[in-house]
Protein chains: 2
Amino acid sequence: MYSSSANVSERAVAAPTLAISTVIFALRPSESSGRPTLWIPLVRRIREPFKDLWALPGGPLTHNESLQDAASRNLRETTGLAPSYVEQLYAFGGLHRSPTQRVVSIVYWALVQPTEAALADESENVKWFRADKVGELAFDHNAIVDYALWRLRNKLAYGSVAYHFLGEYFTLAEVREVYEAVLDTRLDPANFGRQLKSTPEIEETGEYLQGGKHRPPRLYRFTGRPGLDPDNRSTP
Amino acid sequence: MYSSSANVSERAVAAPTLAISTVIFALRPSESSGRPTLWIPLVRRIREPFKDLWALPGGPLTHNESLQDAASRNLRETTGLAPSYVEQLYAFGGLHRSPTQRVVSIVYWALVQPTEAALADESENVKWFRADKVGELAFDHNAIVDYALWRLRNKLAYGSVAYHFLGEYFTLAEVREVYEAVLDTRLDPANFGRQLKSTPEIEETGEYLQGGKHRPPRLYRFTGRPGLDPDNRSTP
DNA sequence: GCAAAAGTGTTACACGTACACCCATGC
DNA sequence: GCATGGGTGTACGTGTAACACTTTTGC
């Protein structure tokens, strides 16, 4: 394939297994406070190695799908969900990730909306965990979850991912709740609202959210495209 | 390997080829202005597909090396250089990257110091190009180079990569030249110097660079660690 | 009317930018 | 002495943080 001075004969021997895994984030109300918090779904391993430990959903890459399609597919297959945002996280290829075999995992992270997340499949072998309390996971999946969390927080602070946790219409308070949940801080509603309204990707609709207990907040819409990474770049 | 509801029998069929490629950046004086500019080494393809076109150096992943080691190795093999900085860029896995075969490329980017870059191997089949004037490359390598450039500029602006283009000791003006070359702007020497001196990772030495035409500038040293990505995290 | 959330106004401060100025060296 | 790059001082503008204040709804 590539011209290279490497020993070409080695290639056939090596051929590490290639797998795709996904860290799926959704906001769900905390059991205690009721405020939204970050959750991720994990699958129980049904064979060795790491039998009975929890692991990230994942699977092989099939021949006729792109990497991102493979991530979306195994997300749908394990949780029944359609993600609103998918981005590549990292390719993990350390030598001893799996005790039995050399595996290179290309890991994605995804966001799903809470309306969807509510009707997600949950079973004996698929369960949702609070992202900061996952316990001991199979393989190097604890490190992967940590890194995904770090990336999510980063993207939220500097990018425009927050809206993918929400539906098409949302109030400023809902966006603020997303930030507060993910970054684990409290934000000044006044300043936060002004900042959002000054970003060109946020569009003010004429609608108001009715049925609340207090003054009805205005509804907004997000009109931006997510991506700067190669998979999403071409989308105009 | 992974528990998954995917059709396990498909895996054996699929098995796309896995390759490692690297975008190697070095600063070299421009032919015209003499000011430093960004260059990258490319290798000429000696077979189909894309025979005779230039491509990124790359090769297979061998069994007993990590992804990053593979990147460093093929960097050394094509250019004879030891990189001062290596970071994973992205895993490219589109279906039609190569017309003949399904290939997933895990791409790294690297920086080498100009002292090293000066003695880099150059031959009929390995040549250095200005990063912004590479012409038409094989596969999707133009897109990859563009993305690597974007990342480098980003990391330079927000991170602390600049020092890896330089030796252990450097003057503030040298760092400024790196920024000016990569970001293609002019920066105010006064403000730039103050900013650098206020970053805790920059250490002022007692030494001065002698032999210049004018007032000898103070020499500085960088005392930070590069990384926040998984490969470099554990390094204490 | 009162509680609570939506939304506006105002001020202080940190930080980046622009630019005038002084310092030290080679020729 | 003078040209040139190294280095300091200082004023201005922009954006964020803090917080007082007004508005609008449900009960």
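Protein chains get the first letters and strands the later ones, always in sequence-line order, with residue 1 at the start of each.
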Participant: Consider the side chain of B:Ala190, meaning its heavy atoms from C-beta on, and name the nucleotide among C:dA24, C:dG7, C:dC19 that approaches it most closely.
Facilitator: C:dC19

Participant: On the side chain of B:Arg215, is there an atom forming a donor-acceptor pair with the base of C:dA24 - under 3.5 Å, no angle test?
Facilitator: no

Participant: Starting at atom CG of A:Leu172, determine the distance to atom C1' of C:dA5, rounded to an integer number of angstrom.
Facilitator: 12 Å

Participant: Using heavy-atom distances to pick each residue's nearest nucleotide on DNA chain C, tell me which of B:His214 and A:Arg218 is more 5'.
Facilitator: A:Arg218

Participant: For A:His141 and A:Leu56, which heavy atoms make the closest approach, and how far apart are they?
Facilitator: ND1-N, 3.0 Å

Participant: Looking at every non-hydrogen atom in both residues, tell me the closest pair between B:Leu53 and B:Glu136 and how far apart they are.
Facilitator: CD2-O, 3.7 Å

Participant: Let me know the distance between CZ of B:Arg194 and P of C:dA18, rounded to the nearest Å.
Facilitator: 13 Å

Participant: Closest-nucleotide mapping onto DNA chain C: is A:Lys197 or A:Lys213 further toward the 5' terminus? I mean the 5' end.
Facilitator: A:Lys213

Participant: Going by ring pair (Phe, Tyr, Trp, His ring centres under 6.0 Å), name the residues that satisfy it together with A:Tyr169, two or more places apart in sequence or in a different chain.
Facilitator: none

Participant: Quick check for you: name the first and last nucleotides of DNA chain D, 5' to 3', having an atom under 4.0 Å from a heavy atom of chain B.
Facilitator: D:dT4 to D:dT10

Participant: If I take atom CG in residue A:Leu219 and atom P in nucleotide C:dA5, what distance separates them, rounded to the nearest angstrom?
Facilitator: 18 Å

Participant: As a test of understanding, state which of A:Tyr108, A:Trp150, A:Trp109, A:Tyr147 forms a ring-ring contact (aromatic ring centres under 6.0 Å, His included) with A:Tyr90.
Facilitator: A:Tyr147

Participant: Would you say that more than 12 heavy atoms from the other residues, nucleotides or ligands in this model lie under 6.0 Å from the CD of A:Glu204, or not?
Facilitator: yes

Participant: OH of B:Tyr208 versus C1' of C:dG26: gap in Å, rounded?
Facilitator: 18 Å

Participant: Find which nucleotide of DNA chain D each of A:Gly211 and A:Asp188 is nearest to by heavy atoms, and output the residue with the more 5' nucleotide.
Facilitator: A:Asp188

Participant: Starting from P on C:dA6, measure out to CD on A:Glu204 and report it in whole angstrom.
Facilitator: 15 Å

Participant: For the atom pair CH2 (B:Trp128) and CD1 (B:Ile40), what is the distance rounded to the nearest 0.5 Å?
Facilitator: 9.0 Å

Participant: Taking atom types as modelled, find out whether A:Arg194 and A:Asn191 have a side-chain donor-acceptor pair closer than 3.5 angstrom.
Facilitator: yes

Participant: As a test of reading the structure: which of C:dT25, C:dG9, C:dA4 is closest to the side chain of B:Pro216, going by heavy atoms?
Facilitator: C:dT25

Participant: Between A:Gln210 and A:Asn191, name the one whose nearest nucleotide on DNA chain D is closer to the 5' end.
Facilitator: A:Asn191

Participant: Starting the side chain at C-beta, find the nucleotide from C:dG7, C:dA6, C:dC19 nearest to A:Ala173.
Facilitator: C:dA6

Participant: Using atom CD of A:Glu174 as one end and atom C1' of C:dA6 as the other, report the distance to the nearest whole Å.
Facilitator: 13 Å

